[in-house]
Amino acid sequence: MSEPKKYLKPNVVIEPLFDNWYAWSHLISPATAAKNIVGRHISIMESYISAPDVHAQAVLNPKMRGGPFMDFKGGRVPEVKDLLFKTLTSQSKLIAFASAIVALDKLLMTEAKGFGLEALYPKVPEILKGYVELYYDRNNNADFRFFESLLYESEYYNKDSQSIALWITNNDHRPFCLSTPRLTEPDVLQLNIPFDHPGIDELAKMKRVPQQLSYIKEILGITEGQSRFFEHLFTEEAPPVYQKYTGDKIRMRYFGHACILIETKDISILVDPLISYYGYHSDVEHFSDSDLPDTIDYVLITHNHQDHVLFESLLPLRHKVKNFIVPRTCSGKLEDPDLRLMFNNIGFKNVIAIDEMETIQFSDARITGLPFIGEHSDLNVLTKTCYLVKISGFKLLFLADSRIMEPKLYRHIQAVTNDIDVLFLGMECDGAPLSWLYGPLMTKKLSRDQDGSRRLSGSDCAKGMSLVDIFTPKEVYVYAMGQEPWLEFISSIKYTDESNPIVQSNKLVGICRERGIVSERLYGEKELLYEMKNSITPVKEWV
Ligand SMILES: [Fe+2]
């Protein structure tokens, strides 16, 4: 009898790891990885080993949510010690690289006094030589940029740090992933394969197309000992069949947080993929993998924050996406790693970097990158873009977490794009301080006051309304609030009715409704259908 074909169960998590920590974009680019190993991972592990009970207490304190505390209830200290030891030995090169960055920062601070920088090149730490260019800003402050693409070709980009954990989830709850590493668990299978491994694509395809287990076992190199656990990740039960949209309208489906799927009968566009699982009871109704098309024409990434670039969602989609569009940067700045380079280096072949006000035109639709202001702690981060999607005359504007600090920017944009039909705006207006995300990259610790004044905050009501006044949309949706239970592990957000982002967004929704604008704060799932305005979009005109 021939071997039966099986499907991957819908609640199997393909969890990407870096040194046993949840992999996010700053752990891929070598320079940010080096600084995060030292300034985040080692620091949290050392802290836990010296005071596990303090961590256990802090995790229970809602005010400390998302802080640098391990969620192991004070236990597992010997295993954390092992992980620390393994990190110190296996990552010795990147740890030295991080120290060299500190030394270079110090060199520039003490010796670059406005005179020519050429004389300082011999003093650049040996391991950074040839990987950096020194420069002054216009205020005569010295800094450096990396030749980031060369770092990916060097020994500092080591794919051995990457692995995949496979496990079955039966609920939406997980510890905050930036502070708690994954230790060995009996119900988790860890595969030491890099993110560009073709087996990940073959495994993900089995969500829809059944395959013999011997085939996938061979590609992934499953050993005899792993075989039994691996087999229970599969089922003969076929998943629900995806119903392709065949109507003549534009269908918008909200998948949670900033993830929105736009479909017509001809095209599909998925913004900031964050796809939840199914196959178990969830408190909140939601679309999930079974609601995604068999092929996706465009995936749009708005900015390089861990809740908008999720490898856990992107790796399983890789095989079915024709084009990934990401914001362009090639600044080489430590705080602004290049997303296109990063995706290329983890096996994504079809990545397009889009500039501000640049348009990609295809059949009857167009995607334009628009400036994204704020929410990056006033760092010079360029890897961020809003998107205007125009389909047959109908315009949807995705602003992600932009904080509208200067409405005139959007007046200038409106002068080019004219009004829009639907606006999606993130209003997480009490974001984390700078140090939460960028702390490990800074040359020195900011004072508490400075840190607190430079937040990763989205727009409040007044700032959001300035956009409504400028673009006069017919519909306004607040999204990207990090509220859905299946993304608490990455957003660390749990609001109450009194939380400022809820108060502010309620206010905005209320004002919009008073003005006759359809408005709500999205949560869980939502489906809307829009009429196309005209069948052909003019290539050179916006209106
Ligand atoms: Fe963000």
Side-chain angles (χ1 to χ4, degrees), residues 22 24-29 32 36 65-66 176-178 254-260 271-274 299-314 325-329 333 335-339 342 354 356 369-387 397-405 409 423-441 451-460 463-464 467 477-484 487-495 499-501 504-505 521-522:
Y22 192 81
W24 60 293
S25 60
H26 279 203
L27 296 180
I28 305 300
S29 184
T32 46
N36 273 280
R65 197 184 299 279
F176 177 55
C177 66
L178 296 193
Y254 171 73
F255 277 61
H257 199 47
C259 182
I260 288 178
V271 186
D272 285 345
L274 199 169
V299 159
L300 312 182
I301 302 286
T302 56
H303 65 299
N304 191 8
H305 284 160
Q306 81 289 350
D307 53 332
H308 296 259
V309 181
L310 271 106
F311 301 145
E312 181 178 331
S313 291
L314 289 164
I325 302 183
V326 302
R328 185 191 302 280
T329 188
K333 283 178 170 292
E335 65 272 32
D336 195 19
D338 184 327
L339 272 184
M342 184 208 68
I354 195 167
E356 291 167 351
L370 299 180
F372 177 135
I373 192 171
E375 210 248 346
H376 287 69
S377 302
D378 303 317
L379 291 170
N380 189 11
V381 172
L382 303 178
T383 314
K384 51 189 173 46
T385 189
C386 303
Y387 288 102
L397 179 53
F398 299 94
L399 286 145
D401 299 330
S402 310
R403 183 169 172 87
I404 313 306
M405 296 183 292
L409 167 63
L423 187 149
F424 296 91
L425 177 67
M427 294 188 67
E428 201 190 323
C429 54
D430 279 358
L434 175 148
S435 58
W436 185 76
L437 201 64
Y438 299 108
L441 309 182
D451 197 26
S453 78
R454 293 174 61 179
R455 291 184 170 270
L456 292 114
S457 292
S459 292
D460 58 16
K463 290 177 168 57
L467 285 174
Y477 297 100
V478 178
Y479 78 143
M481 299 294 274
Q483 267 189 299
E484 285 84 4
L487 58 105
E488 270 173 36
F489 81 99
I490 191 90
S491 73
S492 76
I493 285 172
K494 212 167 184 129
Y495 292 134
S499 302
N500 196 33
Q504 293 288 325
S505 50
R521 184 177 56 240
L522 300 178

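The residues of the chain are indexed from 1 along the displayed sequence. Just so you know, ligand 1 is whichever comes first in the structure, and atom 1 is the first atom listed for that ligand.
- As for His305, its N/O/S atom nearest the Fe ion (ligand 1) is the one called ND1.
- In His303, the N, O or S atom that comes nearest to the Fe ion (ligand 1) is NE2.
- Residue contact annotation: Glu428 places no N/O/S atom under 2.8 Å from the Fe ion (ligand 1).
- Note: Tyr22 and Phe311 fail the aromatic proximity criterion, with ring centroids not under 6.0 Å apart.
- The backbone N or O of Gly482 lies less than 3.5 Å from a partner atom in the side chain of His257, making a donor-acceptor pair.
- Relative ring orientation between Trp24 and His26 is described as parallel, the plane-to-plane angle staying below 30° on a 0-90° scale split at 30° and 60°.
- The minimum distance between the Fe ion (ligand 1) and any N, O or S atom of Asp401 involves atom OD2.
- For Tyr387 and Phe398, the distance between ring centers is not under 6.0 angstrom.
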